[in-house]
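This report concerns only the one structure given below.
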Amino acid sequence: MNEKELRTPGTNFIKTIIDTHNRTGRFDGRVHTRFPPEPNGHLHIGHAKSICLNFGIAEDYHGLCNLRFDDTNPVKEEQEYIDGIIRDVRWLGFDWGDRLYYASDYFETMYRFAVDLIRRGNAFVCDLTAEEVREHRGTLTQPGRESPFRNRSVDENLDLFHRMRAGEFPDGSRTLRAKIDMSAGNLNLRDPVMYRITRATHPRTGDSWCIYPMYDWAHGLEDSIERITHSICTLEFEDHRPLYDWFLDALETYKPQQIEFARLNVTYTVMSKRRLLTLVNEGFVSGWDDPRMPTISGLRRRGYSPESIRIFCDRIGVAKANSTVDYAMLEHCVREHLNLTAARVMVVLDPIKVILTNYPEHQTEMMDADNNPEDASMGKRQIPFSRELLIERSDFMEEPPKKWFRLAPGMEVRLKHGYYITCTDVVRDTAGTITEIHCHYDPESRGGWTRDGRKVRGTLHWVSAAHAIRAEIRLYDHLFALDDPMAVPEGKTFRDFITPQSLTVISNALAEPCLADSAPETRFQFLRHGYFCTDPDSSPGHPVFNRTVGLKDSWAKIQRGADEQ
RNA sequence: UGGGGCGUCGGCAAGCGGUAAGCCACUGGUUUUUGGCACCAGCAUUCGUAGGUUCGAAUCCUACCGCCCCAGCCA
């Protein structure tokens, strides 16, 4: 089964709208979308939803999707973010051809459109301060008052706007505003600001501009210039659609259809760029790519595959109702993809020694092992087997509970790809702690099976003591203890609910030799543990692995049930 | 109190007047050299509430109720 079969796109209200447009010929059958990030932070799983939606729809309808930076506010935007966003979208697997655009490339065009709007009598230069503009805006229930500068002549507006651009006025001293309706119930229509004066160095245009366009003015023009057909954005812009339409209608220019959908929320995490920045700046995580972050770079470092994220975005659907997706859904999608693609390997996290008393000393056998039982094409590897082995401490119990089929005194288990072994004895230190488990192995069970077809319920993973390599393993848990970190009690902040044990480091796990020098971002299944991914912190002789997600564990479930009784 | 939206299973989400898809989670069971995977079965007589229209309503109408967004020279 490949990704195509795993993906189950389904329909949604946006496709329904597009189908209608295609039927009526609104855009001559064209479908052209865009993903328009502002480079003021790194992309997260919520953006992935939008990316998959926009690029996915373009693909479904044999259309196009542009990557466009909405870089209209230089005080918050940085080249570092531009580079990171390009890297992340590409990593997710999307291709924008040669259509990488920047709103800043349209600044001159936008300026000319603004002059046009002034000439049409639909915009004016306003000398009110920011605070005065706010006072004039009115409130949710009371209409606003018109600016005293609202009725300047076209010529005066043209002159003033030109001088705004020329840098004759100080920052914040004047704005260009659209002349719409100060009594509109929709606040966005109360003579919105189109340009502000801000002397800030822009990552791309440098200091060549001191006036910058506002979102509402700029965004529709960007879409219009690129001949976008469907401008897909999140719900909070629903109130802005009348303004989006107003500007393009007033200019009598090409107008796309804006469509709004609900942004993604996932349990146990935060999704706003502001809060993610807080986590980074206040040192709660190591950076934007900390494996606990819901950022694309964090998920990547954690071991999520691009395919798994795309599958997730298909599964959650698209609608207009605010909703929060269960983190378990994301986990399910990675497991599903990694089960098919990740090589199996054996690693013992908490080792205890096993000695096979009837196995020849100084002998080493190489055992055949499937790399992936789901995919024979991934081949086999050889694992060294010898007299002294390490198994998981938790796989042995002196007095096992019912239904236990791991190792215990007198019990026979299978060592995966190895032999059947039976526990005969244990060795303790002076404190009474078990230090060694003595076992007999059955020479007839080489490879992990016998001719007599005897049933052995338990299968354990192991490594050979003489051949194992040390590895650092990083286990992660939810960053937040609350499924909704935003729903905090009065007087608390989301900071108060950060889980202290969200990162557990195991510095002396023992792994089979093939893991010695795996490249960063290689994904594995550590048998019976979960999916892990090589971290970039790895160095020769010191491999580091991040746990992406654990395997489902029905034994843990049974134990939980027993505890409750 | 103005404007704009949204309410279908524990969580997502189809459905668009013909009698409630699917996924996650959960619960049983089969299978198994991963207590994984896979497979089978169960899981909304009911669609925010109340009326109405209709042979027939989650879908149409009316009125309520609840939740979200908007008063940046942010996007």
Side-chain angles (χ1 to χ4, degrees), chain A residues 8 10-12 16 36-38 40 70 72-73 75-77 126 128-131 133-134 137-144 171-177 183-190 192-198 211-212 214-216 218-219 233-242 260 262 264 267 273 314-333 335-336 339-340 344 346 369-370 373-374 403-406 414-418 420 445 447-449 456-461 483 525-530 550-558:
Chain A
T8 48
T11 188
N12 61 52
T16 305
E38 183 194 10
N40 67 344
D70 204 3
T72 57
N73 183 12
V75 322
K76 289 185 176 175
E77 298 156 5
C126 181
L128 257 26
T129 65
E131 194 176 330
V133 167
R134 194 182 321 126
R137 187 155 32 227
T139 67
L140 292 178
T141 53
Q142 290 164 261
D171 284 10
S173 61
R174 284 178 223 260
T175 54
L176 182 71
R177 295 226 260 160
S183 65
N186 181 343
L187 266 35
N188 295 122
L189 264 16
R190 319 245 262 227
V193 171
M194 296 165 59
Y195 279 93
R196 74 283 210 179
I197 304 174
T198 304
I211 58 170
Y212 289 96
M214 297 288 290
Y215 170 86
D216 288 305
H219 205 87
C233 60
T234 44
L235 250 32
E236 66 270 27
F237 292 103
E238 211 146 21
D239 287 344
H240 296 246
R241 182 162 19 100
E260 311 84 12
L264 171 66
T267 53
K273 281 194 227 176
D314 283 336
R315 296 269 170 88
I316 58 176
V318 179
K320 296 194 71 162
N322 293 316
S323 62
T324 302
V325 174
D326 200 329
Y327 192 87
M329 181 83 100
L330 222 200
E331 294 187 321
H332 174 263
C333 293
R335 286 197 195 100
E336 188 174 39
N339 176 49
L340 267 25
R344 271 58 168 175
M346 295 197 286
D370 295 324
E374 307 286 332
K403 291 188 189 169
W404 172 268
F405 40 85
R406 272 112 102 143
R414 169 189 298 110
L415 292 180
K416 180 83 177 179
H417 307 305
Y420 289 176
S445 64
W449 63 280
V456 173
R457 236 3 250 289
T459 301
L460 310 187
H461 61 280
D483 64 345
Q525 183 195 101
F526 287 4
L527 223 67
R528 302 209 300 137
H529 280 304
L551 252 24
K552 285 183 123 184
D553 188 351
S554 57
W555 171 243
K557 211 172 276 180
I558 291 168

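Remember, predicted model here, so these are calculated numbers, not experimental data. Proteins get letters first, then strands, A, B, ... in listed order; numbering begins at 1 in each. Values below: every heavy atom of this structure, side chains too, minus hydrogens, waters and symmetry copies.
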Just to be sure I understand the rule, does [X] reach a base, reach only the sugar-phosphate, or reach nothing, if contact means heavy atoms closer than 4.0 Å?
{"X": "A:Glu260", "result": "nothing"}
{"X": "A:Ala130", "result": "base"}
{"X": "A:Leu235", "result": "nothing"}
{"X": "A:His529", "result": "nothing"}
{"X": "A:Asp239", "result": "base"}
{"X": "A:Arg241", "result": "nothing"}
{"X": "A:Asn73", "result": "sugar-phosphate"}
{"X": "A:Tyr195", "result": "nothing"}
{"X": "A:Lys557", "result": "sugar-phosphate"}
{"X": "A:Arg344", "result": "base"}
{"X": "A:His219", "result": "nothing"}
{"X": "A:Thr459", "result": "sugar-phosphate"}
{"X": "A:Glu374", "result": "base"}
{"X": "A:Thr324", "result": "sugar-phosphate"}

Give me the distance, rounded to whole Å, that separates [N] from [M] when you measure between the [atom1] atoms they each carry.
{"N": "B:rC69", "M": "B:rA75", "atom1": "C1'", "answer": "15 Å"}
{"N": "B:rU54", "M": "B:rC16", "atom1": "P", "answer": "23 Å"}
{"N": "B:rA14", "M": "B:rU59", "atom1": "C1'", "answer": "13 Å"}
{"N": "B:rA58", "M": "B:rU19", "atom1": "C1'", "answer": "11 Å"}
{"N": "B:rU8", "M": "B:rG48", "atom1": "C1'", "answer": "10 Å"}
{"N": "B:rG22", "M": "B:rG15", "atom1": "C1'", "answer": "12 Å"}
{"N": "B:rU46", "M": "B:rA20", "atom1": "C1'", "answer": "7 Å"}
{"N": "B:rG36", "M": "B:rG28", "atom1": "P", "answer": "13 Å"}

For the side chain of [X], starting at C-beta, report the closest nucleotide among [options].
{"X": "A:Thr11", "options": "B:rG15, B:rG11, B:rG72", "answer": "B:rG15"}
{"X": "A:Arg406", "options": "B:rC26, B:rG72, B:rG35", "answer": "B:rG35"}
{"X": "A:Val133", "options": "B:rG5, B:rA14, B:rC73", "answer": "B:rC73"}
{"X": "A:Trp555", "options": "B:rG35, B:rU34, B:rC24", "answer": "B:rG35"}
{"X": "A:Arg137", "options": "B:rG35, B:rC73, B:rC16", "answer": "B:rC73"}
{"X": "A:Thr141", "options": "B:rA75, B:rG4, B:rG2", "answer": "B:rG2"}
{"X": "A:Ala319", "options": "B:rG35, B:rA13, B:rC23", "answer": "B:rA13"}
{"X": "A:Glu238", "options": "B:rG4, B:rU34, B:rC37", "answer": "B:rG4"}
{"X": "A:Leu140", "options": "B:rG7, B:rA14, B:rC70", "answer": "B:rC70"}
{"X": "A:Leu187", "options": "B:rC26, B:rC23, B:rA71", "answer": "B:rA71"}

- Side-chain-base donor-acceptor pair under 3.5 Å for A:Gln142 and B:rU1: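 Answer is no: no donor-acceptor pair is held.
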
TODO: Give a yes or no on whether a donor-acceptor pair under 3.5 Å exists between the nucleobase atoms of B:rG4, that is its base, and the side chain of A:Asn186.
DONE: no

* Side chains of A:Leu551 and A:Gln525: does their closest heavy-atom pair fall under 4.5 Å? ->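 Touching, per the 4.5 Å side-chain cut-off.
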
ask   = If you measure from CZ on A:Arg137 to CG on A:Leu128, what distance do you get to the nearest 0.5 Å?
value =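 If I round to the nearest 0.5 Å, the distance is 10.5 Å.
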
So OG1 of A:Thr175 and CD1 of A:Ile211: to nearest 0.5 Å the spacing works out to 11.0 Å

When the distance from [atom1] of [X] to [atom2] of [N] is rounded to whole Å, what number comes out?
{"X": "A:Asn12", "N": "B:rA21", "atom1": "CG", "atom2": "C1'", "answer": "15 Å"}
{"X": "A:Asp171", "N": "B:rG72", "atom1": "CG", "atom2": "P", "answer": "20 Å"}
{"X": "A:Phe405", "N": "B:rG36", "atom1": "CZ", "atom2": "C1'", "answer": "12 Å"}
{"X": "A:Ile316", "N": "B:rC24", "atom1": "CD1", "atom2": "P", "answer": "14 Å"}
{"X": "A:His332", "N": "B:rC23", "atom1": "NE2", "atom2": "P", "answer": "10 Å"}
{"X": "A:Arg457", "N": "B:rG35", "atom1": "CZ", "atom2": "C1'", "answer": "7 Å"}
{"X": "A:Trp449", "N": "B:rU32", "atom1": "CH2", "atom2": "C1'", "answer": "17 Å"}
{"X": "A:Lys320", "N": "B:rA13", "atom1": "NZ", "atom2": "P", "answer": "13 Å"}

Less than 4.0 angstrom between a side-chain N/O of [X] and OP1 or OP2 of [N], yes or no?
{"X": "A:Ser323", "N": "B:rA13", "value": "yes"}
{"X": "A:Thr72", "N": "B:rC74", "value": "no"}
{"X": "A:Arg134", "N": "B:rG72", "value": "yes"}
{"X": "A:Arg190", "N": "B:rG2", "value": "no"}
{"X": "A:Arg335", "N": "B:rC37", "value": "no"}
{"X": "A:Arg196", "N": "B:rC74", "value": "yes"}

Position toward the 5' end of RNA chain B (nearest nucleotide), A:Ala321 or A:Thr175 =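 In this pair, the answer is A:Ala321.
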
Per nearest nucleotide of RNA chain B, the residue lying toward the 5' end, A:Asn339 or A:Asp216, is A:Asn339

Margin query: As a test of the definition: with a 90° window around 0 for syn, would you call B:rG7 syn or anti?
Written below: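 What B:rG7 shows is an anti base, its glycosidic angle lying more than 90° from 0.
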
| task | Considering only NZ, NE, NH1 and NH2 on the basic side and carboxylate oxygens on the acidic side, decide whether A:Lys320 and A:Glu238 come within less than 4.0 Å. | result | yes

| Are the ring of A:Tyr215 and the base ring of B:rA75 both nearer than 5.5 Å at their centres and tilted by less than 30°? | no

Checklist entry - Can you check ring-ring contact (aromatic ring centres under 6.0 Å, His included) on A:His219 and A:His240, steps first, answer last? => result CA-CA 11 Å; A:His219 205 87; A:His240 296 246; over 10 Å; no

